[in-house]
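In what follows, a single structure is set out as structure tokens and then discussed.
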Amino acid sequence: MAVTKTQAAAGKSAKLTRPVANGKHAKVSSGAISVPYQKMFIGGRFVDSVSGKSFETLNPATGEVICQVAEGDKADIDLAVKAARKAFESGPWSKMHGPDRARLLNKLADAIEANREELAKLESLDNGKPYADSFNIDIPLTVKCFRYFAGWADKVMGKTIPIEGDFLCYTRHEPIGVVGQIIPWNFPILMLAWKWGPALACGNTVVLKPAEQTPITALRIAKLAHEVGFPDGVINVVTGYGPTAGAALSSHMDVDKIGFTGETTTGKLIMTAAAQSNLKRVSLELGGKSPNIVFADADIDAAIEGAYFGLFFNQGQCCVAGSRLYVEESIYDEFVKKMTAKAKSRKVGDPFDAAFEQGPQVSQEQMDKVLGYIESGKKEGAKMLTGGNRVGSDGYFVEPTIFVDVKEDMKIAKEEIFGPVMSIMKFKSMDEIIERANKTMFGLAAAVWTKDVKKALRMSNSLKAGTVWVNCYDVFDAAAPFGGFKMSGIGREMGEYALQQYTEVKTVIVAM
Ligand code: ADP
């Protein structure tokens, strides 16, 4: 599981000789991916920040600088919002019909598909996720998301409603206007697609602020959008930090809606900013501490596979990570033994070498945070069966870690870790586990493993979570709505439900 310096360094200078097929390729070649200084994208042009300031984006596999990126702030957000407002009110976009928007969204999907290899490389370079994952998961899901919402662009419609009296009453589902969107670093391209797809399909214009850790691919996709013909100002990308650029966007008086994915604490700040400015509409996809529940009658090998993927995928950096893994008492020991063996054999290293399933955490800050949680688990008396350490000294790699003897009131059982740290806990009965699973401020996702359909249905009805997976984990589809109960968020992304987040309903009543 060790990462050699050469392997880690390869992330910085990785160039693949051939594309990945079916998640399998064996070889890494060298040759630098060189990324020039990145300007932000406002009003159809790549521009410097008003202040002239820039920031570094780092390669998490090495800690080295990939490139400088223009650092946007309030002044840049103002310019982007102005451009988006103009495009919305009077530009060609305001006169475009659904089928034209669909055509553009489909063209963008085609362009992303055509540039799959380059985008996957940039994503892995900036985020650290294995190239095979970027190529086989992130980019295809992104393409599907844009195509799915292209399909909706000419089907956004209201109703004709019979009301009392001699009137014609109908509703129009109109775009909200200028939409601010703030996204995290764990799935930079895919989160952009979840935000842009429905917003653009419904006819809004957007100002996106990508995460400061991973700004490169949003700018690349903005360029593709420009090339395929999105009119100037429809799409704007302002790169910069959360408390400056992000805060300016969420408190802007001329932004009509803010869509956010990130931490619950940040979501609260954004909602407060929205409330204290112009009461802009808010949708939030926030943190989670998802229970993954394995009954004794489950297909154990499938449950192990699913729970392993459900926690360790994407270096554990998933808001839906199944970080509270509950296993029924009678199979607990066998399950723990098999899972520990599996975690021990997980290979951590260079994201551009297919020999490794796990890359680095996204940043030093995240790595330190994860290692801090591991320390707290040990201090609070949980038993660590494997992992626990940083891997190597370059980059931000962390060993897959498993804790048992975890109590519900320990920090590792309550807080979102966002790293490769699994807690396996024991349960005895269905009533007990329903209560324990729901005893959390979060409610993003949950999973149940059982062959008994009655158990599966009772559990999925009882779990307070936006998504419940039965005998599977991490199944996402552009058509399936996603979002949180409780402090995991407000609103749903994807599927038809996402359209509600990006339209205003207007009632028209005509005297006959
Ligand atoms: P993390 O701590 O994992 O980076 P965040 O919720 O802080 O998660 O980040 C998600 C996104 O929110 C990023 O784009 C970040 O820049 C942005 N962000 C952070 N703080 C704020 C804020 N105060 N206002 C608006 N956006 C913010």
Side-chain angles (χ1 to χ4, degrees), residues 38 40 49 55-58 60 69-74 76-77 80-81 126-129 179-192 194-196 206-219 236-252 255 257-277 280 282-289 314-321 323 360-370 372-373 396 398 415-421 442 444 484 487-490 493:
Q38 298 285 296
M40 59 186 116
S49 59
F55 65 101
E56 295 173 338
T57 185
L58 304 182
V69 182
E71 185 186 330
D73 201 337
K74 191 174 177 312
D76 310 276
I77 291 286
V81 172
D126 211 8
N127 167 281
K129 63 177 72 199
V179 168
Q181 301 179 317
I182 301 176
I183 56 171
W185 44 260
N186 57 343
F187 294 91
I189 297 180
L190 188 58
M191 291 302 104
L192 172 153
W194 285 19
K195 296 276 183 283
W196 285 10
V206 302
V207 177
L208 178 92
K209 196 208 77 66
E212 52 271 38
Q213 296 85 348
T214 53
I216 296 175
T217 45
L219 294 165
N236 304 275
V237 178
V238 177
T239 42
Y241 292 100
T244 49
L249 190 56
S250 45
S251 61
H252 203 288
V255 170
K257 185 239 155 77
I258 192 103
F260 171 75
T261 299
E263 277 188 46
T264 295
T265 45
T266 315
K268 284 185 171 181
L269 292 176
I270 285 171
M271 200 159 173
T272 304
Q276 288 176 345
S277 53
K280 55 179 69 63
V282 177
S283 54
L284 304 170
E285 196 260 277
L286 308 175
K289 192 73 191 171
N314 210 38
Q315 295 62 248
Q317 301 168 147
C318 294
C319 46
V320 294
S323 53
Q361 309 310 120
V362 77
S363 63
Q364 168 99 38
E365 189 190 348
Q366 284 299 316
M367 178 183 73
D368 292 345
K369 201 170 150 191
V370 172
Y373 274 113
Y396 315 125
V398 176
E415 296 177 19
E416 188 173 38
I417 300 175
F418 234 63
V421 183
F442 296 115
L444 194 58
M487 283 172 78
S488 287
I490 296 177
E493 306 201 88

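Note that ligands are numbered from 1 as they come in the structure, with each ligand's atoms numbered from 1 the same way.
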Inset, instruction - Show your working on side chain to side chain donor-acceptor pair (under 3.5 Å) between Thr57 and Asp126 and close with a plain yes or no. - result: CA-CA 7 Å; Thr57 185; Asp126 211 8; 2.7 Å; yes

Legend entry - Between CE on residue Met191 and CH2 on residue Trp185, distance to nearest 0.5 Å: 12.0 Å

Tabulate distances under 3.5 Å between N/O atoms of ligand 1 and N/O atoms of the protein, writing both atom names on each line.
{"residue": "ligand 1", "atom": "2 (O)", "partner": "Glu263", "partner atom": "OE2", "Å": "2.4"}
{"residue": "ligand 1", "atom": "3 (O)", "partner": "Trp185", "partner atom": "NE1", "Å": "3.2"}
{"residue": "ligand 1", "atom": "4 (O)", "partner": "Trp185", "partner atom": "NE1", "Å": "3.0"}
{"residue": "ligand 1", "atom": "6 (O)", "partner": "Glu263", "partner atom": "N", "Å": "2.9"}
{"residue": "ligand 1", "atom": "6 (O)", "partner": "Thr266", "partner atom": "OG1", "Å": "2.8"}
{"residue": "ligand 1", "atom": "7 (O)", "partner": "Thr266", "partner atom": "OG1", "Å": "3.3"}
{"residue": "ligand 1", "atom": "14 (O)", "partner": "Ile183", "partner atom": "O", "Å": "2.8"}
{"residue": "ligand 1", "atom": "14 (O)", "partner": "Lys209", "partner atom": "NZ", "Å": "3.1"}
{"residue": "ligand 1", "atom": "16 (O)", "partner": "Lys209", "partner atom": "NZ", "Å": "2.9"}
{"residue": "ligand 1", "atom": "16 (O)", "partner": "Glu212", "partner atom": "OE1", "Å": "2.5"}
{"residue": "ligand 1", "atom": "16 (O)", "partner": "Gly242", "partner atom": "N", "Å": "3.2"}
{"residue": "ligand 1", "atom": "24 (N)", "partner": "Gly242", "partner atom": "O", "Å": "3.4"}

Inset, instruction - Return yes when atom CD of Gln364 has more than 12 non-hydrogen atoms of other residues, nucleotides or ligands closer than 6.0 Å, and no otherwise. - result: yes

Legend entry - From Met487 atom CE to Thr265 atom OG1, the distance as rounded to the nearest 0.5 Å: 9.0 Å

Legend entry - Residue among Glu493, Gln181, Lys257 satisfying side-chain hydrogen bond (donor to acceptor under 3.5 Å, both in side chains) with Ser283: Lys257

Donor-acceptor pairs under 3.5 angstrom involving side-chain atoms of residues 240-252: please list them, not counting sequence neighbours.
{"residue": "Thr244", "atom": "OG1", "partner": "Tyr241", "partner atom": "O", "Å": "3.3"}
{"residue": "Ser250", "atom": "OG", "partner": "Gly246", "partner atom": "O", "Å": "3.0"}
{"residue": "Ser250", "atom": "OG", "partner": "Ala247", "partner atom": "O", "Å": "3.4"}
{"residue": "Ser251", "atom": "OG", "partner": "Ala247", "partner atom": "O", "Å": "2.8"}
{"residue": "His252", "atom": "ND1", "partner": "Asp254", "partner atom": "N", "Å": "2.9"}
{"residue": "His252", "atom": "NE2", "partner": "Asp78", "partner atom": "OD1", "Å": "2.8"}

